[in-house]
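Only a predicted model underlies this, so the values are computations on that prediction, with no experimental measurement involved. Here is how names work: the chains are called A, B, and so on, in the same order as the sequence lines, proteins then strands, and each is numbered from 1.
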There are 2 protein chains.
Amino acid sequence: MKIGALARKTGTTAETIRYYERTGLLEEPPRTAGNYRDYGPTELARLRFIRRARDLGFTMAEVRQLLSLSDDPSQSCEAVDSIASLHLREVDRKLGDLRKLRTELRHMVDDCQHGAVGECRIIEVLAG
Amino acid sequence: MKIGALARKTGTTAETIRYYERTGLLEEPPRTAGNYRDYGPTELARLRFIRRARDLGFTMAEVRQLLSLSDDPSQSCEAVDSIASLHLREVDRKLGDLRKLRTELRHMVDDCQHGAVGECRIIEVLAG
DNA sequence: ATGCACCTTGTAGTGGCTACAAGGTCAAGC
DNA sequence: GCTTGACCTTGTAGCCACTACAAGGTGCAT
């Protein structure tokens, strides 16, 4: 499988895959006679893993850790749980922040009387 | 007022203020005899405006627009309202995404039996 | 005179991609 | 066999909003 096909199968782009390779998240695959990257099911699975973790908001560093943990199936999954739980707490914090922010924005927009900028509530709030 | 004092009054850093100047968000202030930036209440108000807008999640480009709109108080505030409403919708979208993400993460972490990595639900979910 | 906090400019790095440019490869159609 | 066009290659630079230096200048207290 060439890079474009792998990209289509994983909802990525060839550029992103090459970027993952550059940064060491993916290993260098074998090449065809014409110097094209040649991917098999192992790489497909690894990239799917990476994309799922990234879609769940894990950072590249966390993905790296999760990958190396998943490579040693006999180990305790404590470390995995701790990465995921930490991330969950982080997401909760962000949710809280975003909800507060939404409330403020909502008030601001609701109070706008659609008049002149001079008495615009939005501008007033921002100007303090 | 020197840059450090302005930074403390606005919850920023001198670096960020200089960055805003470089990118044209703030104008170049007058200088003291020793070539130090010398800020007055106008610049303080402008920076406060910028920080409030940034804290509400507006991008630098949006802040730029809001600033130039607020400079012309006789204009209709339609444009201001549209920037803010668009941003509100964007925040709503992000909130939705984050809530979905949180649910998935929560399930993943809750299902983890704290055993070996080999049968870790978190890794299984990621591996698909 | 010395120390120290603060300031100056300039450059480079962060994360996670994304967007080129300039050229090589390969299968299909004529 | 020759062209077209889709795909691939490497390399470099850009995005956002900062952040982190390095190397040197200023200003005030001791």
key: 5' to 3' contact window, DNA chain D with chain B (heavy-atom distance under 4.0 Å)   = D/dA17 to D/dG27

Under 3.5 Å, side-chain donor or acceptor atoms of residues 22-30 of chain B against the rest of the protein: list the pairs with distances, not counting sequence neighbours.
| residue | atom | partner | partner atom | Å |
| --- | --- | --- | --- | --- |
| B/T23 | OG1 | B/Y19 | O | 3.0 |
| B/T23 | OG1 | B/Y20 | O | 3.2 |

query = Do side-chain atoms of B/D38 reach the backbone of B/M1 as a donor and acceptor pair under 3.5 angstrom?
reply = yes

query = If you take atom types as modelled and just measure distance, does the side chain of A/Y36 reach the base of C/dG24 with a donor-acceptor pair under 3.5 Å?
reply = yes

note = Residues passing the side chain to side chain contact (heavy atoms under 4.5 Å, CB included) test with A/L95, sequence neighbours excluded, are A/D92, A/R99, B/L95, B/L98, B/R99, B/R102

query = Just how far, in rounded Å, is P of C/dG16 from CG of A/L26?
reply = 15 Å

Could you tabulate the donor-acceptor pairs under 3.5 Å formed by side-chain atoms of residues 113-128 of chain A, not counting sequence neighbours?
| residue | atom | partner | partner atom | Å |
| --- | --- | --- | --- | --- |
| A/Q113 | NE2 | A/D111 | O | 3.1 |
| A/H114 | NE2 | A/C112 | O | 3.4 |
| A/R121 | NH1 | A/E124 | OE1 | 3.0 |

key: Rounded interatomic separation in angstrom, taking CZ from A/R22 and C1' from C/dA19   = 12 Å

key: Atom pair CG/CD1 of B/L66 and B/I83 - distance to nearest 0.5 Å   = 4.5 Å

request  = Indicate yes or no: at least one non-hydrogen side-chain atom of B/K2 is less than 4.5 angstrom from one of B/R37.
outcome  = no

Separation of B/R51 CZ from B/L56 CG (nearest 0.5 Å) = 11.0 Å

query = Heavy atoms, side chains only, cut-off 4.5 Å: are A/I17 and A/Y39 in contact?
reply = yes

request  = Strictly below 4.0 Å, heavy-atom distances to any atom of DNA chain D: list the hits from residues 41-66 of chain B, or just say none.
outcome  = B/R51, B/R54, B/T59, B/M60

query = Are side-chain heavy atoms of A/E104 and A/L101 found at a separation under 4.5 Å?
reply = no

task = Give me the residues of residues 10-19 of chain B where at least one heavy atom lies under 4.0 Å from an atom of DNA chain C, by number, or none.
result = B/R18

key: N-O pairing of B/E90 and B/R93 below 4.0 Å   = yes

